Amino acid sequence: MTETYNENISYSDFRRQLIEWYQAHKRELPWRESNDPYHIWVSEIMLQQTRVDTVIPYYEQFMRKFPEMEDLAYAEEEEILKVWEGLGYYSRVRNLQAAVREVVEHYGSVVPDTRKEIEQLKGVGPYTAGAILSIAYAKAEPAVDGNVMRVLSRVFCMEDDIGKPQTRKKHEAILYELIDKSDPSSFNQGLMELGALVCTPTSPGCLLCPVRTQCLAYERGQQERLPIKMKKKKAKSIELESFLLKTEKGELLIEKRPDKGLLAGLWQLPVLEGRFDPGERQQKLAEKYHIEAEPSAANFQVKHIFSHLIWEIELYVGRANRNGELPANCRIIKAEELEQYAFPVSQQKLLNHCLEEGWL
DNA sequence: AATTCGGGGCG
DNA sequence: CGCCCAGAATT
């Protein structure tokens, strides 16, 4: 197959220019110090939908805590969630642990090196499979992420909506031809590095681009308009009340979220969805937590924005007396023990305010 | 094919 | 505020 998509481009020139630029300009990143498939794997999972600068400290802490796959495979869930706390998309770390356990127990602690096998591991999709295969195993497999689709959309002046699943496959098909077979690692990372540093979403640095002379979008002045992406729907708003409830001994009530869905397995202060009168609030708390409490407004709100919804949390504070058995997903703990539990950022905002007010 | 999963940084 | 980020799983 020949140059179907861009008559101007010389594939061999593109490969050479990209890889030379990458070798000269690549950032020094912790996961670039080794090609150990486990190291690459952890970094790629963390980097899903997450910026490099955010990942760096998490990656370093994670590798200190779980230097070998066995260390992760047999860690407690509480421990892995705590390490992931604040990074988001918490199912990533559950899936990573399950997949690492699979590798330890069924692949003799050797990460598989075929797309077929590796894509069957939990949390490893087409992108991550390609990244591990090319970076750790030098296999000529594409790794199509947002950066790559932006770069290719511009180089080939493609009008396809990069939000559609089909578009990723089209990019993969191009890359099977375009990828450098002798150094697929530098090629794939170079494409992503170019997208991160030069071929940026807005105001791309075309004058600094190593493949500018082969870019169809640049030639046509379309680089600012591409890639095409459909706008997504607005997030819907949800009102919550959250409660700092302390016993007479000064301990507080916390609750573990369900093991599926949003923020699965993380801990939080007791929460009710909605806005309530004092009476209904007291009744709801009694039903849900088996406690007697009439907390009062703390005059503190947290607005926390997710991609698809918005939490508006109103904080209440008060004394609680147990009234029946503690629900299975709840615990009463001392303030010093809070650091053992993983809390979502929205809850950390509440807890920090309580700390500043001296309520903890 | 469309939704659900977090959180932060930037114009 | 809206957009995007080294995406994958679920429906």
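Keep in mind it's a predicted model, so treat the numbers as computed, not measured. Letters A, B, ... mirror the listed sequences (proteins, then strands); counts begin at 1.
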To the nearest angstrom, the CG-C1' distance between Leu121(A) and dG7(C) comes to 16 Å

Does Gln49(A) have a side-chain nitrogen or oxygen under 4.0 Å from the phosphate oxygens OP1 or OP2 of dG7(C)? yes

- Reckon Lys233(A) has a side-chain N or O less than 4.0 Å from the OP1 or OP2 of dT3(B)? yes

With the side chain defined as heavy atoms from C-beta on, Leu262(A) is closest, among dA6(C), dA9(C), dG6(B), to dG6(B)

Fill in: dC1(C) OP1/OP2 closer than 4.0 Å to side-chain N/O of Lys303(A)
yes

Any Arg92(A) side-chain N or O less than 4.0 Å from OP1/OP2 of dA9(C): no

Ranking Lys236(A) and Ser346(A) by the position along DNA chain B of their nearest nucleotide, the one closer to 5' is Lys236(A)

Q) Side chain of Arg51(A), base of dC4(C): donor and acceptor closer than 3.5 Å? A) yes

Checklist entry - Quick one: does Tyr89(A) reach the base of dG6(B) with a side-chain donor-acceptor pair under 3.5 Å? => result yes

### Task
Give Gly195(A) one of three labels, base, sugar-phosphate or nothing, depending on what nucleic acid heavy atoms sit under 4.0 Å from its own.
nothing

If you measure from the Lys or Arg side-chain nitrogens to the Asp or Glu carboxylate oxygens, is any gap between Lys65(A) and Glu79(A) under 4.0 Å? yes

Rounded to whole Å, the CZ-C1' distance (Arg94(A) to dT10(C)) equals 15 Å

- Item | SB check Arg225(A) Glu159(A) (cutoff 4.0 Å) | yes

Whole-Å distance, Glu224(A) CD to dG11(B) P, equals 14 Å

Can you find an N or O donor on one side and an acceptor on the other, under 3.5 Å apart, linking the side chain of Thr50(A) with the base of dG7(C)?
no

Below 4.0 angstrom from OP1 or OP2 of dA8(C), is there any side-chain N or O of Thr128(A)?
-> yes

Checklist line | Donor-acceptor pair under 3.5 Å, Thr54(A) side chain vs dG8(B) base | finding: no

Hey, what's the ring geometry for His353(A) with Phe300(A), parallel, tilted or perpendicular (30° and 60° as the breaks)?
parallel

So is Arg281(A) actually on top of Tyr316(A)'s ring, under 6.0 Å and inside 45° of the axis?
yes

On DNA chain C, more 5' by nearest nucleotide between Val124(A) and Glu44(A) is Glu44(A)

The nucleotide from dT4(B), dA1(B), dG7(B) with an atom nearest the side chain of Val345(A) is dG7(B)

> When rounded to the nearest Å, what value does the distance between C1' atoms of dA8(C) and dG9(B) take?
Replying inline: 23 Å

Taking dA8(C), dC3(C), dG8(B) as options, the one with an atom nearest any side-chain atom of Pro126(A) is dA8(C)

Taken to the nearest whole Å, CG/Leu87(A) to P/dG9(B) is 13 Å

Could you measure between the two P atoms, the one in dA6(C) and the one in dT4(B), and give it in whole Å? 24 Å

Note to self: Under 4.0 Å, counting only non-hydrogen atoms across every strand here, what does Ser91(A) touch: a base, just sugar-phosphate, or nothing?
What the structure shows: nothing

note: His171(A), atom NE2; dG7(C), atom C1'; distance rounded to Å ~ 15 Å

Winner on side-chain proximity to Lys231(A), out of dC3(C), dA6(C), dG7(B), is dC3(C)

Notebook entry, point to check: In whole Å, what separates the C1' atom of dG6(B) from that of dC3(C)?
Noted result: 15 Å

Practice problem: For Leu29(A), answer base if it contacts any base atom (sugar-phosphate contacts may also be present), sugar-phosphate if it contacts only those atoms, and nothing otherwise; contact means non-hydrogen atoms under 4.0 Å. | Solution: base

### Message
Any base atoms under 4.0 Å from Ile45(A), or only sugar-phosphate, or nothing? Heavy atoms, all strands.
### Response
nothing

What I want to find out is whether Glu251(A) reaches Arg331(A) closely enough, with some N-O distance under 4.0 Å, to be called a salt bridge. no

The nucleotide from dA6(C), dC5(B), dA1(B) with an atom nearest the side chain of Arg27(A) is dA6(C)

Taken to the nearest whole Å, CE/Met46(A) to P/dG7(C) is 15 Å

Between Glu224(A) and Ser203(A), does any side-chain donor sit less than 3.5 Å from a side-chain acceptor?
no

Separation of dG7(B) atom C1' from Gln347(A) atom CD, nearest Å, is 15 Å

Subject >> Phosphate OP1/OP2 of dG7(B) contacted by His304(A) side-chain N/O (<4.0 Å) >> reply: yes

The nucleotide from dC4(C), dC3(C), dG7(C) with an atom nearest the side chain of Lys229(A) is dC4(C)

Notebook entry, point to check: Do the side-chain N and O atoms of Asp36(A) and Ser34(A) include a donor-acceptor pair separated by under 3.5 angstrom?
Noted result: no

Comparing nearest nucleotides in DNA chain B, the 5'-proximal residue of the pair Leu309(A), Thr202(A) is Leu309(A)

Ranking dC5(B), dA6(C), dC3(C) by distance to the side chain of Ser307(A), first place goes to dC5(B)

Original post:
If you draw a 6.0 Å radius around CD in Glu60(A), do more than 12 non-hydrogen atoms from other residues or ligands fall strictly inside?
Top reply: yes

Of dG7(B), dA6(C), dA8(C), the nucleotide closest to the side chain of Leu47(A) is dA6(C)

Atom CG of Asp161(A) and atom P of dC4(C) are separated, to the nearest Å, by 11 Å

Quick note, Asn95(A) side chain, CB onward, closest among dG6(B), dA9(C), dG7(C) is dA9(C)

Assign Val148(A) to base, sugar-phosphate, or nothing according to its heavy-atom contacts below 4.0 angstrom with the strands shown.
nothing

Using a heavy-atom cut-off of 4.0 Å across all strands, would you classify Trp31(A) as base, sugar-phosphate, or nothing? base

Of the candidates dG7(B), dG7(C), dC5(C), the side chain of Arg150(A) sits closest to dC5(C)

When every non-hydrogen atom of Tyr58(A) is compared with those of Leu87(A), the smallest separation belongs to OH-N, 3.5 Å

Under 4.0 Å, heavy atoms only, any strand: does Lys122(A) hit a base, just the sugar-phosphate, or nothing? sugar-phosphate

